[in-house]
Amino acid sequence: MRASQFFISTQKEAPNEAELASHRLMLRAGLIKRIGAGLYSWMPLGLRVLRRVENIVREEMDKAGALELLMPAVTPAELWQETGRWDVFGPQMLKIKDRHERDYCFGPTHEEVITDIARKEIRSYKQLPINFYQIQTKFRDEIRPRFGVMRAREFLMKDAYSFHTSHACLEQTYALMYQTYSNIFNRLGLEFRAVSADTGAIGGSGSHEFHVLADSGEDAIAFNPASSYAANVEMAEALPPTLPRQAALEALRDIDTPKQTTCEDVAALLGIALQRTVKLIAVMAGEKLHVLLIRGDHHLNEVKTGKIEGLADFRFASESEIREAFNCPPGFLGPIGIDRSQIRVIADRSVAAMSDFICGANKPKFHLAGANWGRDLPEPDVVADIRNVVAGDPCADGKGTLEICRGIEVGHIFQLGNKYSSAMNASYLDEMGQSQVMEMGCYGIGVSRIVGAAIEQGNDERGIIFPVAIAPFKVAIAAIGFDRSEMVREAALKLHEELEAAGIDVLLDDRGERPGVMFADLELIGIPHRITLGDRGLKDGMVEHQARTESEARAIALHEIVSFITSA
RNA sequence: CGGGGUGUGGCCUAGUCCGGUAAGGCGCUUCGUUCGGGACGAAGAGAUCGGAGGUUCGAAUCCUCUCACCCCGACCA
């Protein structure tokens with residue numbers, strides 16, 4: 001490809017709208033153009049990257065025996081009403097009416113559509129298992145689209161759905177997809193991690209997320225460097241403390257905390273570790289107020305909390321509800337002296353093992369120190385794991401301690417079971433001629449998000465550093481003086497031809513720009529290899545090779561450069 | 001949805017408080033000089049200042065309404 005016949009629109013300054021590195025770089029490099037909130041055009045250069053990702057995903061899915069199909073982006077309401085998701089999905093679903101006032105939505109996902117296909121097409125166990133996938137544009141009306149293509153409203157997704165006669169068979173395909181996903185992200189050249197995940201709103205049992213590791217990631221991942229354990233922090237278990245509760249040493253006493261309404265403030269006032277404080281979180285569930293206790297330095301885990309009996313639909317208590325129950329404003333609440341016949345106390349495992357702790361006194365401007373279970377208040381009604389793990393916690397697999405890193409979720413695989421197949425009556429006849437409901441799995445990859453994630457993982461002050469597998473071009477030829485040097489022009493055109501003949505994606509910068517402009521552009525758009533041709537080197541038969549990942553260029557003989565690149 | 005902010009040639013911004021008829025840089029076009037790290041000079045093109053209404057002799061600037069976009073929050077005492 002010759003740059004003069006391509007479309008490159010780089011900018012020195014990024015538009016103000018972008019904050020995140022990948023977003024700014026995608027705009028500056030001219031990969032995408034924003035057309036509305038969470039809506040982007042993929043420019044020719046960006047589309048090349050998107051297509052590379054898409055093709056790798058497609059090849060690996062095909063290799064795993066999945067069958068590509070394409071479902072409509074716009075789908076009728078009736079299907080969604082069958083499973084109840086027309087209402088459950090809420091405002092995230094973009095609903096559309098046609099000219100006959102019939103309801104449709106722009107598909108945010110396609111479980112219903114594929115299940116409809118399966119129930120109509122699959123009648124016999126002999127047709128199972130089967131795994132269908134598509135690479136299709138989705139629309140989710142996010143509350144707040146941000147980070148460019150990473151959280152766009154319209155995005156490209158690969159979604160696969162498998163159908164089975166048994167759970168064991170589903171598990172086999174699930175394992176195959178797990179392996180396929182690992183292969184895909186390895187081929188993409190990304191540093192990633194598969195983590196155990198909560199199934200969330202989609203339902204089902206087993207689930208793993210695939211995260212590209214990046215500090216700017218929206219998700220926190222707990223992993224064990226000493227083992228293969230990795231889990232979304234929402235899932236990672238916080239083990240009970242190994243040491244038993246110490247005996248009480250201190251007397252219970254009031255402390256003046258005129259302005260200290262948080263654990264941090266109280267700990268700072270007393271000059272003690274935050275770990276010795278306990279915070280109280282009041283929640284409402286089943287018309288009653290419940291009290292959650294976690295250590296001052298910990299964070300509540302809402303997913304875990306929701307799994308406690310009676311708290312499935314909990315919400316945080318309002319200030320007026322708190323004042324009514326405690327006769328005390330928020331900021332000074334504690335578990336001592338509350339009516340335990342009315343209020344259930346749920347303590348995190350770490351809190352249950354504490355002694356001589358600090359907590360609110362249930363009267364304004366006071367906290368209590370030297371609090372002890374059994375002596376100053378009854379033991380907790382429930383002891384459970386309700387906090388997020390933190391770095392340094394022992395790993396649930398018993399092999400060392402956890403670390404926390406951040407990731408960008410780019411893939412998610414689920415064992416759905418029969419949630420959709422039974423709701424939509426997707427059944428088949430088994431060997432005995434009996435009707436059976438299919439087991440389902442589903443497997444998603446955020447294709448467009450991967451482009452952003454890859455840039456988030458690979459960039460420097462000069463611009464994007466693409467992995468070779470998804471770079472828009474593998475090699476760029478910077479021909480210095482293309483417009484005025486016969487020698488450069490001839491060598492550049494010949495090299496361009498040879499590289500193309502060798503099957504290498506090459507961009508010949510024949511714009512005749514000054515070298516600084518060419519270099520800056522080629523670095524910004526992240527092309528892995530640059531070959532610089534100029535009169536200066538050519539008169540000695542030499543060219544210059546510059547890898548995007550390295551700081552120094554090296555001189556290479558012109559006649560060796562093609563084999564150098566093909567073996568790179 | 002709550003809070004904050006911004007809309008001025010393709011991009012980044014000044015001008016807004018204190019009203020006087022749109023400015024600078026980048027980019028673009030043409031010519032010349034230059035040519036291995038975002039060149040220099042000259043000459044140009046390009047904006048009814050997000051939109052609507054109002055105040056005024058006069059509005060980018062003041063008032064009202066509206067639209068769009070961005071940021072923060074919607075996680076905790």
Side-chain angles (χ1 to χ4, degrees), chain A residues 8-20 23-24 27-28 30 33-39 90-91 143-148 220 233-234 257 260-266 277-284 289-296 298-306 314-319 321-323 325-326 328-335 348 359-362 364 367 386-388 462-463 478-485 488 509 511-524 530-538 542-544 546 551 553 555:
Chain A
I8 293 175
S9 65
T10 54
Q11 287 176 325
K12 282 187 189 170
E13 293 171 287
N16 256 343
E17 64 196 50
E19 189 66 28
L20 204 63
H23 188 193
R24 294 179 65 84
L27 291 167
R28 273 193 61 206
K33 298 281 177 197
R34 195 185 62 81
I35 195 73
L39 301 172
I143 301 176
R144 181 146 94 89
R146 58 186 128 178
F147 308 143
V233 286
E234 293 181 344
T257 51
Q260 286 72 21
T261 59
T262 66
C263 287
E264 285 81 0
D265 293 342
V266 173
T277 63
V278 168
K279 66 181 160 194
L280 183 152
I281 299 162
V283 299
M284 300 298 293
L289 189 136
H290 305 252
V291 156
L292 309 175
L293 297 176
I294 58 174
R295 224 167 65 184
H298 287 153
H299 282 277
L300 184 73
N301 182 310
E302 293 184 36
V303 173
K304 292 176 180 177
T305 303
F314 83 93
R315 62 173 174 82
F316 295 103
S318 67
E319 179 159 344
E321 287 165 337
I322 287 172
R323 284 176 183 273
F326 291 86
C328 172
F332 305 97
L333 305 181
D348 184 66
C359 61
N362 291 327
H367 280 71
I386 55 171
R387 68 174 173 95
N388 283 339
R462 293 182 167 184
I480 298 175
F482 187 90
D483 56 334
R484 61 198 138 81
S485 162
V488 166
D509 195 338
R511 295 176 296 173
E513 286 285 357
R514 304 173 68 84
V517 173
M518 283 194 287
F519 296 165
D521 274 351
L522 298 174
E523 282 158 356
L524 175 60
R530 184 182 81 215
I531 301 166
T532 307
L533 301 187
D535 284 322
R536 207 174 68 186
L538 282 176
M542 300 298 283
V543 300
E544 199 178 83
Q546 170 79 64
S551 54

Enquirer: Please give me the minimum heavy-atom distance between L27(A) and Q11(A), naming the atom from each residue.
Expert: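 Looking at all heavy atoms of both residues, the closest pair is O-OE1, 4.0 Å.
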Enquirer: Give me the distance, rounded to whole Å, that separates G44(B) from G37(B) when you measure between the P atoms they each carry.
Expert: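 Taking atom P in both G44(B) and G37(B), they lie 32 Å apart.
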Enquirer: I'd like to know if D535(A) reaches the base of G36(B) with its side chain, counting only an N/O donor and acceptor under 3.5 Å.
Expert: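 Checked by distance alone, the answer is no.
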Enquirer: For atom P, what is the distance between C70(B) and A60(B), given to the nearest Å?
Expert: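 Comparing P positions in C70(B) and A60(B) gives a spacing of 28 Å.
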Enquirer: Can you tell me if N362(A) uses its side chain to pair, donor with acceptor, with the backbone of F326(A) under 3.5 Å?
Expert: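 Side chain of N362(A) to backbone of F326(A): no pair is present.
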Enquirer: Judged by atom type as modelled, is there a donor-acceptor pair below 3.5 Å linking the side chain of K279(A) to the main-chain atoms of T262(A)?
Expert: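 Looks like no, no N/O pair under 3.5 Å.
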Enquirer: Which residue lies toward the 5' end of RNA chain B, E264(A) or M518(A), if each is placed at its nearest nucleotide?
Expert: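 The residue closer to the strand's 5' end, by nearest nucleotide, is M518(A).
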Enquirer: Which nucleotide in the set C69(B), G36(B), G25(B) lies at the smallest distance from any side-chain heavy atom of E13(A)?
Expert: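 Shortest atom-to-atom distance from the side chain points to G25(B).
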Enquirer: Which is true for R462(A) with a 4.0 Å heavy-atom rule: it touches a base, it touches only sugar-phosphate, or it touches nothing?
Expert: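 Touches a base.
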Enquirer: Classify the nucleic acid contact of G481(A) as base, sugar-phosphate or nothing, counting any heavy atom under 4.0 Å across all strands shown.
Expert: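 Since no nucleic acid heavy atom lies under 4.0 Å of G481(A), the category is nothing.
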Enquirer: A52(B) and G9(B): how far apart are their P atoms, nearest whole angstrom?
Expert: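 So the two P atoms sit 15 Å from each other.
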Enquirer: Heavy atoms from C-beta onward define the side chain here; which of A77(B), C76(B), C11(B) lies closest to that of L300(A)?
Expert: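 Ranking A77(B), C76(B), C11(B) by closest atom to the L300(A) side chain puts C76(B) first.
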Enquirer: Roughly how far apart, to the nearest Å, are G7(B) and C12(B) at atom C1'?
Expert: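 The same atom, C1', in both gives a distance of 14 Å.
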Enquirer: Which is true for E523(A) with a 4.0 Å heavy-atom rule: it touches a base, it touches only sugar-phosphate, or it touches nothing?
Expert: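 Base: the residue E523(A), judged by heavy atoms under 4.0 Å, touches a nucleobase.
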Enquirer: P atom, G50(B) versus U13(B): distance in rounded Å?
Expert: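 Approximately 15 Å lies between the P atom of G50(B) and that of U13(B).
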Enquirer: Any donor-acceptor pair under 3.5 Å joining the side chain of Q11(A) to the base of C26(B)?
Expert: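 Checked by distance alone, the answer is no.
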Enquirer: I'd like the C1' distance from U21(B) over to U16(B), given in whole Å.
Expert: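 Here U16(B) and U21(B) have their C1' atoms 15 Å from each other.
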Enquirer: Does A478(A) reach a base, just sugar-phosphate, or nothing at all? Heavy atoms under 4.0 Å.
Expert: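 No contact at all - A478(A) keeps every heavy atom at 4.0 Å or more from the nucleic acid.
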Enquirer: Under 4.0 Å, counting only non-hydrogen atoms across every strand here, what does L292(A) touch: a base, just sugar-phosphate, or nothing?
Expert: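 The residue L292(A) makes no contact with any strand.
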Enquirer: Contact class for L280(A) (heavy atom, under 4.0 Å): base, sugar-phosphate, or nothing?
Expert: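 Here L280(A) touches the bases of the nucleic acid.
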Enquirer: Hey, does R28(A) reach any base, or is it just sugar-phosphate, or nothing, if we go heavy atoms under 4.0 Å?
Expert: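 Here R28(A) touches the bases of the nucleic acid.
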Enquirer: On the side chain of R484(A), is there an atom forming a donor-acceptor pair with the base of C35(B) - under 3.5 Å, no angle test?
Expert: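 Answer is yes: a donor-acceptor pair is held.
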Enquirer: Determine the interatomic distance between C1' on C67(B) and the same-named atom on U30(B); round to the nearest Å.
Expert: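 Roughly 40 Å separates the two C1' atoms.
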Enquirer: For E513(A), report the nucleic acid contact type (base, sugar-phosphate, nothing); a contact means any heavy atom under 4.0 Å.
Expert: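 No contact.
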Enquirer: Could you grab the distance from atom CG of L522(A) to atom CD1 of I531(A), nearest 0.5 Å is fine?
Expert: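 It is 11.5 Å, given to the nearest 0.5 Å.
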Enquirer: For G537(A), report the nucleic acid contact type (base, sugar-phosphate, nothing); a contact means any heavy atom under 4.0 Å.
Expert: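 Base, at least one base atom sits under 4.0 Å.
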Enquirer: Nearest-nucleotide wise, let me know which of F332(A) and A520(A) is further upstream toward the 5' end of RNA chain B.
Expert: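 The residue closer to the strand's 5' end, by nearest nucleotide, is A520(A).
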Enquirer: Looking only at side-chain N and O atoms, does R144(A) come under 4.0 Å of OP1 or OP2 in C71(B)?
Expert: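 Answer is yes, contact under 4.0 Å.
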Enquirer: Can you tell me how far apart CD1 (I294(A)) and CD1 (I281(A)) are? Round to the nearest 0.5 Å.
Expert: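 The CD1 atom of I281(A) is 4.0 Å from CD1 of I294(A), to the nearest 0.5 Å.
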Enquirer: Using atom C1' of each nucleotide, how far apart are C69(B) and G51(B) to the nearest Å?
Expert: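 The answer is 14 Å between these two C1' atoms.
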Enquirer: Does R530(A) get its side chain close enough to the base of G37(B), under 3.5 Å, for a donor-acceptor pair?
Expert: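 Pair found.
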Enquirer: From G38(B), C76(B), C72(B), pick the nucleotide closest to the side chain of R146(A)?
Expert: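 Nearest to the side chain of R146(A) among the choices is C72(B).
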Enquirer: Where the side chain of P515(A) is defined as all heavy atoms beyond and including C-beta, which of A77(B), G36(B), C70(B) is the nearest nucleotide?
Expert: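 Given the options A77(B), G36(B), C70(B), the side chain of P515(A) is closest to G36(B).
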